Amino acid sequence: MKIKPLSFVKSDSKSWDDVFHNSRPVNVESFKTGTVMINRRGSINPDHPLAPVMGDEELEVPILVHWVRHEKYGDFLLDAGLDSSYYHDPCGGLKGTAVDEYRQEEDENIAHYLTEHHINLEMVFISHLHSDHAAGIRELPKDIPYVIGKGEYSQYHVDVHGDFLEGLDKLYEIDYTRAQIMPFLGSSVDLLGDGSLWAIHTPGHTLGHSSFLVNRLNGPVLLTMDAAFIQENLELGVAPCDYTWDVGMAQESLEKIIEFLKVYPQVRVGVGHEVLK
């Protein structure tokens, strides 16, 4: 596997006001590729002083992929979700005690959505390499670029995360240390060069974790990915702790998102495991 830096040019926009005043012909739609059981006590860090008293409450939440369609530049995916192997096997063919289990209905796999919506992919941006965000790569085209945040691949282990990158000759990385610093959210990259789609470094859940902002004509949408699992993370101001590389850093990223949303209440927000409304 060759790891290559993603080339990008810093935007002329110096603030989110500039970005939002130049909305673009781009839309986003979400696909449910399965579900996963998570514990509320891990979705909301119980050790945080703002956390409520919680029992071991299991929540079944969707595994999402976001389709970005740009009028000029074409179709992109944010994450890959699950491939069809999970319809037959909750482990997706993987073995071992560390393998996560998911539930999938027929025709919920990501390749089905591509066919159904006549999506001709230009590129795939992966928020991080956990299985519920990357397994679908196995049934996606291999002749297009796949992009992750720098640091993700160094934490990727086949025995835990699976064979999801098999067949890819190279993987592109966003080096957030070279990105421009945008107000409130910090290191951010204008992915398509026209202000329509932004990757934002939100480390903590993983080292190179990315959230995304879609600057639509009918209003911007911020997709937190796993910087916030569920809406309660934003409402309480408490980050998740389960499956999280650095809980303190995850809390810092969440607080940046909350501060940003207070300043820009017109931004719709979609959390990692709840359907965008």
Side-chain angles (χ1 to χ4, degrees), residues 30 32-66 79 81-82 86 90-91 96-105 127-135 149 152 155 160-161 184-186 200-213 221-277:
S30 302
K32 172 174 164 281
T33 65
T35 61
V36 60
M37 299 299 298
I38 60 175
N39 194 296
R40 187 163 174 256
R41 282 178 59 85
S43 301
I44 302 166
N45 177 15
D47 295 327
H48 192 282
L50 294 178
V53 176
M54 295 175 285
D56 287 323
E57 180 185 354
E58 294 294 315
L59 307 173
E60 186 173 13
V61 297
I63 296 169
L64 301 174
V65 175
H66 306 285
D79 282 345
L82 302 180
Y86 289 90
C91 295
T97 57
V99 173
D100 290 308
E101 295 187 9
Y102 307 116
R103 182 173 177 270
Q104 186 184 70
E105 302 293 336
S127 65
H128 62 294
L129 288 172
H130 287 170
S131 55
D132 53 331
H133 298 260
E152 279 302 298
Q155 302 292 318
V160 176
H161 302 300
F184 310 107
L185 293 177
I200 299 153
H201 192 208
T202 48
H205 184 66
T206 61
L207 176 60
H209 186 277
S210 300
S211 301
F212 299 96
L213 188 139
V221 175
L222 176 66
L223 300 166
T224 71
M225 317 314 266
D226 276 357
F229 286 6
I230 56 179
Q231 193 69 29
E232 270 192 292
N233 295 125
L234 298 174
E235 293 168 357
L236 295 170
V238 182
C241 60
D242 272 2
Y243 303 100
T244 297
W245 170 71
D246 187 312
V247 175
M249 193 176 289
Q251 182 65 34
E252 291 176 10
S253 290
L254 182 73
E255 289 172 3
K256 288 180 180 180
I257 289 171
I258 291 171
E259 184 179 11
F260 168 79
L261 293 173
K262 286 179 179 177
V263 176
Y264 297 103
Q266 75 271 31
V267 176
R268 287 180 64 193
V269 59
V271 295
H273 289 283
E274 289 184 13
V275 175
L276 178 66
K277 295 184 175 70

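Counting from 1, the numbers follow the sequence of the chain as shown. Note that the coordinates shown come from a computational prediction; the quantities given were computed from them, not determined experimentally.
Under the 3.5 Å distance criterion, with hydrogens and angles disregarded, a donor-acceptor pair is assigned to the side chains of Y102 and S131. Side-chain contact check for H209 and H201: no donor-acceptor pair (N or O, by modelled atom type) lies under 3.5 Å.
In this structure, the side chains of V36 and E60 stay at 4.5 Å or more apart for every pair of heavy atoms. Side chains of W245 and H205 form no contact here, defined as non-hydrogen atoms less than 4.5 Å apart. You'll find the side chain of V267 stays beyond 4.5 Å of the side chain of V221, heavy atoms only. With contacts defined as side-chain heavy-atom distances shorter than 4.5 Å, the pair I257/T224 qualifies. By the 4.5 Å heavy-atom criterion applied to side chains, N233 and V271 are not counted as neighbours. Looking at heavy atoms from C-beta onward, Q251 lies out of side-chain contact with N45 at the 4.5 angstrom threshold. No side-chain heavy atom of L50 sits under 4.5 Å from any side-chain heavy atom of L236.
Ring geometry, H128 versus H130: the interplanar angle exceeds 60°, so the pair is classed perpendicular (tilted spans 30 to 60°).
For the residue pair I230 and S43, the shortest heavy atom distance occurs at CD1-CB, 4.0 Å. Contact detail for I63 and H273: the closest heavy-atom pair is CA-ND1, 4.3 Å. Here the closest non-hydrogen pair linking Q231 and V269 is NE2-CG1, 4.4 Å. The minimum heavy-atom distance between A51 and V238, with the atom names listed, is N-CG2, 3.9 Å. In plain terms, the two heavy atoms of Y86 and C91 that are nearest each other are CE2-C, 3.5 Å. Closest approach of H133 to S127, counting heavy atoms only: ND1-OG, 3.5 Å.
From E274, atom CD reaches atom CG of L59 across 9.0 Å, with rounding to the nearest 0.5 Å. Note that the CD atom of E259 and the CZ atom of F184 stand 5.5 Å from one another [nearest 0.5 Å]. Once rounded to the nearest 0.5 Å, the distance linking CG of L222 with CD1 of I200 reads 5.5 Å. The structure places OG1 of T35 at 11.0 Å from CD1 of I38, a figure rounded to the nearest 0.5 Å.
Here salt bridge (Lys or Arg N to Asp or Glu O under 4.0 Å) pairs that include residues 225-247, with residues two or more places apart or in two chains, are R40-E232.
For Y243, the OH atom sits in a loose shell: 12 or fewer heavy atoms of surrounding residues, nucleotides or ligands are nearer than 6.0 Å.
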Would you sort out whether S211 and T202 count as a side chain to side chain donor-acceptor pair (under 3.5 Å), showing the intermediate values? CA-CA 6 Å; S211 301; T202 48; 2.9 Å; yes
Run the side-chain contact (heavy atoms from CB on, under 4.5 Å) test on D79 and H66 for me, step by step, so that the C-alpha distance in whole Å, both residues' side-chain angles and the decisive distance to 0.1 Å come before the verdict. CA-CA 7 Å; D79 282 345; H66 306 285; 5.7 Å; no
Go through it in stages, so that I can follow the logic: the residues are Q104 and T33, the test is side chain to side chain donor-acceptor pair (under 3.5 Å), and I'd like the CA-CA distance, side-chain angles, deciding distance and then a yes or no. CA-CA 7 Å; Q104 186 184 70; T33 65; 5.4 Å; no
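Residues meeting the side-chain contact (heavy atoms from CB on, under 4.5 Å) test with D56, sequence neighbours left out: N39, R41.
A salt bridge does not link R103 to E101: none of the charged nitrogens lies less than 4.0 Å from a carboxylate oxygen.
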